[in-house]
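Dropping a structure here in structure tokens format, bear with me for questions.
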Amino acid sequence: MTDNRFNPAEADARWQRAWDEACCFEADSHSDKPKSYVLEMFPYPSGRIHIGHVRNYTMGDVLARYKRMTGHEVLHPMGWDAFGMPAENAAMEKGVHPGGWTRDNIANMKAQLRRIGFALDWSREVATCDPEYYGHEQALFIDLYEAGLVYRKESEVNWDPVDMTVLANEQVIDGKGWRSGAEVEKRKLNQWFLKITDFAEDLLEGLGKLDDWPEKVRLMQENWIGKSRGLQFAFDLSNGETLPVYTTRPDTIFGATFVAVAPDHPLAQAVAAQNCDAAKFIERCKRGGTTAAELETAEKLGFDTGIGARHPFTGENLPVFIANFVLMDYGTGAIMAVPGHDQRDFEFATKYGLPIPRVVAPSVEDAGKPFDGEAESGEGVIVNSDFLDGMDVESAKREVIRRIEGEGRGEGKTVWRLRDWGVSRQRYWGTPIPFIHCPTCGVVPAPKDSLPITLPEDVDFQTPGNPLVRHPTWKHVDCPKCGGKAERETDTLDTFVDSSWYFLRFASQPADRPFDREEVAAWLPVEQYIGGIEHAILHLLYARFWTRALQRMGHLDFAEPFASLFTQGMVTHETYSREEGGKTVYYAPDEISREADRALSKADGGEVSIGRVIKMSKSKKNTVDPDEIIAKYGADAVRWFMLSDSPPERDLPWSEAGIEGCWRFVQRLWRLFGRHERDAAGEDKALLRKTHQTIAAVAEDIESLSFNKAVARLYELAGAIEKAEPSATRSEAIRTILLLSSPMMPHLAEEGWAAIGGEGLVADAPWPAFDPALLVEDEVTIAVQHKGKLRDTLTVAKGLPKEELETLALASEKVQRSIDGASVRKVIVVPDRLVNIVT
RNA sequence: GCCCCUGUGGCGGAAUUGGUAGACGCGUUCGACUCAAAAUCGAAUUUCCACGGAAGUGCCGGUUCGAGUCCGGCCAGGGGCACCA
């Protein structure tokens, strides 16, 4: 070794080329080796890789490289979630075509990913905006339609009357279009839906078997699916009609003091038709916020319709209100309100002076106990409720359902929060929905041999509205059924459809169909899926649904696409800001010089205050650019940083000092490799033991994705090697640490491997074996406690009998001083661990 | 408002799952090398202390020979949410 510094600027690219030329990371579907599918959520091609991607993909990369070393055939692919709004926004703002913009971004980001040295199989790269990909998606969509899982229904959208476009919720700001500023209207459109509710029970039940998913994600999905058991029954109304309501608390039926319907309930609409005050009230309800937090704090409002509802048991007349807190799309859109035992009903009743009777109490004696300013929704015993008195909540629920069913007024019913998945988007840059509207035949699927239905290239984004609707020729086709003049569907698919099956296409890419069932079965389910928590619900639920739908249609023979899921934390950074002219101005990390406990502006030397460590964002200017730091420190130091210190599920605070430390360790390892001697002789028992312990521990840490612990082990081994005298053991330890660190710092490892005369590429080398006999120490340190406090430690042979340990412990001078002549009542001995003396 | 998670040195975090709290890294301090700097190497680094010890894992209590770990109640920070009857 001539140069004593590792030079990533030169070495990184050289090894990246070597891996490419050897096609190291191309997965062979027909290999005899056990298969391992490691997948990270594919990125949206925004134009730049950000540091969060680097962390996500580094984790997957370490696991993929480790799996290769342990004899697996690894599939580790990458692609692009390439449809979506930002491309259309760019088209409107910069006048570029969404396709060209997207493809340029992909090229940039792919080059960035290559510079980080990821072991990816680029031969399987997929971009969802490729007609080849979305053509297969169209075929699958038609299959789903034929399986009865696709339907159309009217549904409300946010309509921007100036931009003539439908807005996503995030594009509506204070009721106005984000771009045009125009007041957003609610419009009803005929839209396409997927019957995810068909699988509600199955999706819920499946969560119970996903043992290797974070509990948190399973819980979020469970809440989202939201199964509830309750009672649906009808009130007789004073106007002669009946009103079906749904309740999860039939046990509290004697506490109902009013009935409420949603503002968009047919009954409310009917009242509004004859009463302008009611119509005005309904209008008022439609404004107002949409988020849960806003609505929770919003005042409960109601409008008394003057209609009465007859209580099924007491015959009492209950007023019927239109209320802003009742939702049309849950249950029946109407409720029986029990103010004593539901907080929303309580607030409403308080405001409108309605009675609040108690029907559940801690005990029978508490039947007359007043409420303490809020509803009581907990368990208890039923009171003031005629035939239910004295029952517990659960028995009372059953009894009310039994009676109502017996009278034929209603039935026990399961209701789900989960709603069908609306997949229509009135946009250009998405997968065209492969259907044709014929005036005579109605909605007809496009013939499969006409797929892919590609997007027209000649479109402009300067005119408001959907370019597909405006296009002079694109939508005009003949009906595949009758041959008459017809029109294509101009809606495109939600991009969550694209990401609901990309992991199948990675595994198998036949030209004539979406995937091959056998080949997919060879790779899936994905062994380890890694991505952000932000996809905990929608993407992961949709992918689970899509997989089940394909299974039902016989395309697949498994239901769960991802065996194990890991959600990684964010990369954060401290913020730098100061008050300038009355407002807060943020500074980027490269605009300040950071000292021990303060930060100074590079521009004027003034002190800048150091703010909280938060998620990197452009507005706070606390971002770092992966390209810049890779250029400065090399890919391996950056990868090492991504894995160090913070547990992967937690946030990782980026710091300049931290990356400097990683850079130093890269060089430290490099110097260590230089001490490797091919013909060194002699044994070093302690180092040998440490080396084998590290092999076992690092393997375990990588398999459990505890990269921070693996990193700490490697630091320890490096320290031990540095302290050791030259020996055959030491040279072997150096070779071992090189191999153990290679999944994390592959460029450095290759360079070192060549230097110590290793054969071939480290990328193809096997993970070192360890001797289990060397994992156990033959000497152990025993803690000696007196009354639970540490007094002394003893170093003894492992496996020493209890009696001997006790004798040794009592012989300790320090222990005797602590006991100070008191009589020993009890001695607890845990072999190889501790002795605790109780006096 | 509801649901969930997390609180350990100056900082990121370890802790064999109830058995020596603070591994490892960062930072800081001192020292070596150097004309000097960088790089590198060595030592120290929870707090207080009479150098014998004492206290200490957000706070208060409990279980236990023994609690960062288990239980109960608070406090703080973070995340999710579709007013879900």
Side-chain angles (χ1 to χ4, degrees), chain A residues 4-5 169 214-217 219-220 222-224 226 228 230-231 245-249 252 260 289-298 300 323-327 329-338 341-345 347 374 377 415-419 533-534 536-537 596-597 612-614 640-641 644-647 649-653 655-662 664-665 667-668 671 697 706 708-716 718-719 722 781-794 814 817-818 825-830 832-839:
Chain A
N4 62 359
R5 301 271 285 181
N169 284 334
E215 186 57 41
K216 185 181 175 174
V217 173
L219 198 74
M220 282 163 84
E222 191 182 319
N223 290 337
W224 189 266
S228 73
L231 168 69
V245 299
Y246 175 75
T247 179
T248 53
R249 292 297 303 271
T252 61
T290 49
T291 71
E294 273 174 326
L295 290 164
E296 284 292 352
T297 46
K300 306 288 177 279
N324 66 344
F325 67 91
V326 180
L327 293 178
D329 44 15
Y330 184 79
T332 61
I335 62 162
M336 69 165 202
V338 184
H341 306 284
D342 181 288
Q343 186 57 24
R344 292 155 302 178
D345 300 350
E347 286 169 32
E374 57 182 16
S377 54
V415 166
W416 305 83
R417 288 160 43 126
L418 185 68
R419 303 202 284 254
I533 187 73
E534 66 273 20
I537 300 174
D597 50 3
R612 293 200 314 149
V613 177
I614 53 169
W640 188 250
F641 185 95
S644 300
D645 293 353
S646 289
E649 69 278 9
R650 289 219 214 152
D651 289 350
L652 171 69
S655 77
E656 198 67 21
I659 185 70
E660 292 277 357
C662 294
R664 281 200 298 272
F665 186 64
Q667 298 303 341
R668 193 174 146 202
R671 285 192 301 274
S706 304
N708 57 320
K709 290 198 230 168
V711 162
R713 310 265 191 204
L714 291 172
Y715 274 120
E716 277 186 56
E722 281 163 350
T781 307
I782 303 280
V784 183
Q785 298 178 331
H786 172 220
K787 291 193 287 192
K789 293 212 183 293
L790 184 72
R791 297 296 158 181
D792 199 2
T793 57
L794 304 170
K814 287 180 185 172
R817 202 188 309 138
S818 176
R825 288 198 294 140
K826 196 172 173 188
V827 179
I828 288 126
V829 183
V830 182
D832 297 338
R833 248 333 113 70
L834 61 66
V835 179
N836 189 13
I837 295 153
V838 187
T839 54

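Below, all heavy atoms of this structure are taken into account, side chains as well, without hydrogens, waters or symmetry copies.
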Problem - Sugar-phosphate only, base, or nothing, as touched by A/Gln343 at under 4.0 Å among non-hydrogen atoms - result: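 No contact at all - A/Gln343 keeps every heavy atom at 4.0 Å or more from the nucleic acid.
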
Practice task
Quick one: classify the glycosidic conformation of B/U57 as syn or anti, with syn meaning within 90° of 0.
Solution key: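 Judged by the O4'-C1' to base torsion, B/U57 sits in anti, the angle falling more than 90° away from 0.
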
Handout entry: Side chain of A/Tyr715 (C-beta onward), nearest among B/G25, B/C81, B/G12
Key =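 The answer is B/G25, which lies nearest to the side chain.
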
Exercise for the section: With heavy atoms under 4.0 Å as the rule, sort A/Thr781 into base, sugar-phosphate or nothing. Expected result: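 Here A/Thr781 touches the bases of the nucleic acid.
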
Practice task
Among the candidates B/C24, B/G19, B/C41, find the nucleotide nearest to the side-chain atoms of A/Arg668.
Solution key: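 Given the options B/C24, B/G19, B/C41, the side chain of A/Arg668 is closest to B/C41.
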
Exercise for the section: Could you check whether A/Arg825 gets within reach of a base, just the sugar-phosphate, or nothing at all, counting any heavy atom under 4.0 Å? Expected result: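 Nothing, no heavy atom under 4.0 Å.
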
Practice task
Determine the interatomic distance between P on B/G56 and the same-named atom on B/C24; round to the nearest Å.
Solution key: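 Those two atoms are separated by 25 Å.
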
Practice task
Can you figure out which of B/A55, B/A85, B/A54 approaches the side chain of A/Arg791 most closely?
Solution key: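 The answer is B/A54.
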
Practice task
For A/Arg671, report the nucleic acid contact type (base, sugar-phosphate, nothing); a contact means any heavy atom under 4.0 Å.
Solution key: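 Result for A/Arg671 = sugar-phosphate.
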
Exercise for the section: Please work out if A/Asn836 contacts a base, only the sugar-phosphate, or nothing of the nucleic acid, heavy-atom cut-off 4.0 Å. Expected result: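 The answer is base, as A/Asn836 lies within the cut-off (heavy atoms under 4.0 Å) of a base atom.
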
Problem - Candidates B/A85, B/A55, B/G13 - which lies nearest the side chain of A/Asn708 - result: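 It is B/G13.
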
Practice task
Classify the ring geometry between A/Trp640 and A/Tyr715 as parallel (under 30°), tilted (30 to 60°) or perpendicular (over 60°).
Solution key: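 A/Trp640 and A/Tyr715: perpendicular rings.
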
Practice task
Just call it for A/Thr248: base, sugar-phosphate, or nothing, with non-hydrogen atoms closer than 4.0 Å on any strand.
Solution key: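 The residue A/Thr248 makes sugar-phosphate contact but no base contact.
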
Practice task
In plain terms, say whether A/Glu722 and A/Arg668 are close enough for a salt bridge, that is, a side-chain N and a carboxylate O under 4.0 Å apart.
Solution key: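 Counted as a salt bridge, because a side-chain N and a carboxylate O are separated by less than 4.0 Å.
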
Practice task
Determine whether any donor atom in the side chain of A/Arg833 lies under 3.5 Å from an acceptor atom in the base of B/U16, or the reverse, and answer yes or no.
Solution key: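 Checked by distance alone, the answer is yes.
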
Problem - Watson-Crick or G-U pairs under 3.5 Å in RNA chain B, rendered as dot-bracket with [ ] for crossing pairs and | for another strand - result: (((((((..(((......[....)))((((((.......))))))(((....)))..(((((..]....))))))))))))....

Problem - Donor-acceptor side-chain pairing of A/Ser228 and A/Tyr246 below 3.5 angstrom - result: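 Judged by distance alone, the side chains do pair up.
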
Exercise for the section: Would you mind classifying the nucleic acid contact of A/Val326 as base, sugar-phosphate or nothing, using non-hydrogen atoms under 4.0 angstrom? Expected result: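 If one applies the 4.0 Å heavy-atom cut-off, A/Val326 turns out to touch a base.
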
Exercise for the section: Please tell me which of the listed nucleotides, B/U20, B/C3, B/C83, lies nearest to the side chain of A/Leu219? Expected result: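 Of B/U20, B/C3, B/C83, B/C3 is nearest to the side chain of A/Leu219.
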
